[in-house]
Amino acid sequence: MLLSIKGLAKSFNELEVLKDIEVEIEKGKVLSIMGPSGSGKTTLLRCLNALEQPDRGIFTFDDGLTLNFEKKISKQDALRLRRKSGMVFQSYNLFPHKTALENVTEGPIIVQKRNKADVQELAESLLEKVGLKDKMNLYPHQLSGGQQQRVGIARALAIEPELMLFDEPTSALDPELIGEVLTVIKDLAKENWTMVIVTHEVQFAEQVSDEVIFMDGGYIVEHGPPDKVLKAPREQRTQQFLQRILNPS
Ligand SMILES: Nc1ncnc2c1ncn2[C@@H]1O[C@H](COP(=O)(O)OP(=O)(O)O)[C@@H](O)[C@H]1O
Ligand SMILES: [Mg+2]
């Protein structure tokens, strides 16, 4: 088990967004998360990436790092948590005034203070991995949405995280650009990256996931292998949600 999450809770003012979330993330496995808008999916990923501080809960990592959010955790522990995962956002979040290559090298050079030449080499190989070696000197506005998101993936990989987090990585893309991003993520799964993916691409989730979670109202409603949760869901809320996204209108 790379990470075990127990009793995770998070509120924004009066609104309880995550209520007693329990999840185990296995090394080398892909966990997909589905659920309606507002169910807490992004907040869960942000807690994992130390972008939000949970109100309660315990994270236990396989290297011995244990974080108990009952008390405010130290800056140092928040940084340790942050460094464990690379996050790919719905809206790419690339620096507009930096090239694709500079977007990928930024984290390792500025934040991790790693050797520039090494990082340069790593970034080039990551851009090659996502099929963008020939575009590495272009700026985000010169790239399609699918290409920008692939830079986003290379950037997240560049910090050499233990865990990759994807927040609806294709939902901002034109339909014809979705496939190229999903292909890159499938390749990462083949390389046994540990990944948590929020996605509503049902067929993709079936192919790539070892486990699927369905969330609603801050709870995990259903949890299991994709051929159960996506093909034969037990819970009515999961059934209704899948019906809606598979047969819109
Ligand atoms: N920073 C915030 N301040 C206040 N409310 C927030 C904040 N972030 C998220 N929320 C609220 O928390 C709920 C869950 O949001 P989110 O985790 O983004 O859900 P999802 O990703 O499943 O759509 C929503 O009602 C949202 O409006
Ligand atoms: Mg979201």
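Remember, it's 1-based here, ligands and their atoms both numbered in the order they're listed.
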Just need the protein heavy atom nearest to [atom], so name the residue and atom and give the distance.
{"atom": "atom 23 (O) of ligand 1", "result": "G38 N, 2.7 Å"}
{"atom": "atom 11 (C) of ligand 1", "result": "L15 CD2, 3.9 Å"}
{"atom": "atom 19 (O) of ligand 1", "result": "G40 N, 3.3 Å"}
{"atom": "atom 17 (O) of ligand 1", "result": "T43 OG1, 2.5 Å"}
{"atom": "atom 6 (C) of ligand 1", "result": "F12 CD1, 3.2 Å"}
{"atom": "atom 22 (O) of ligand 1", "result": "K41 NZ, 2.7 Å"}

Whether over 12 other heavy atoms sit under 6.0 Å from E121 CD: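 Result for CD/E121: open.
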4.0 Å protein heavy-atom contact status of atom 27 (O) of ligand 1, strictly under: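 Given the 4.0 Å cut-off, atom 27 (O) of ligand 1 does not count as touching protein heavy atoms.
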Measure the distances from the heavy atoms of P36 to every atom of ligand 1 and state whether one is below 4.0 angstrom. yes
Can you tell me if S37 contacts ligand 1 (heavy atom of the residue under 4.0 Å from the ligand)? yes
Starting at NZ of K84, measure out to CG of L65 and round the result to the nearest 0.5 Å. 5.5 Å
Are the side chains of I185 and M164 in touch, meaning some heavy atoms are under 4.5 Å apart?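 Counting from C-beta outward, I185 and M164 never come under 4.5 Å.
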For the residue pair F61 and F59, categorise the inter-ring angle as parallel (less than 30°), tilted (30 to 60°) or perpendicular (more than 60°). perpendicular
Which of parallel (below 30°), tilted (30 to 60°) and perpendicular (above 60°) describes F241 and F214?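 Rings of F241 and F214: tilted, as their planes differ by 30° to 60°.
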Winner among L18, N13, V198, V17 once heavy atoms are compared against atom 13 (C) of ligand 1: V17
Measuring from atom 21 (O) of ligand 1, which candidate in L44, T42, D216, I33 has the nearest non-hydrogen atom?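 It is T42 whose heavy atom sits nearest to atom 21 (O) of ligand 1.
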Do K41 side-chain atoms and D216 backbone N/O form a donor-acceptor pair below 3.5 Å?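 It does not hold such a pair.
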Just checking, is any N or O donor in the side chain of T42 or D167 under 3.5 Å from an acceptor N or O on the other one?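 Yes, D167 and T42 have a side-chain donor paired with an acceptor closer than 3.5 Å.
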The Mg ion (ligand 2) to T42: any N/O/S contact under 2.8 Å?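 Coordinating: yes.
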Salt bridge check: are D62 and K27 linked by an N-O gap of less than 4.0 Å? yes
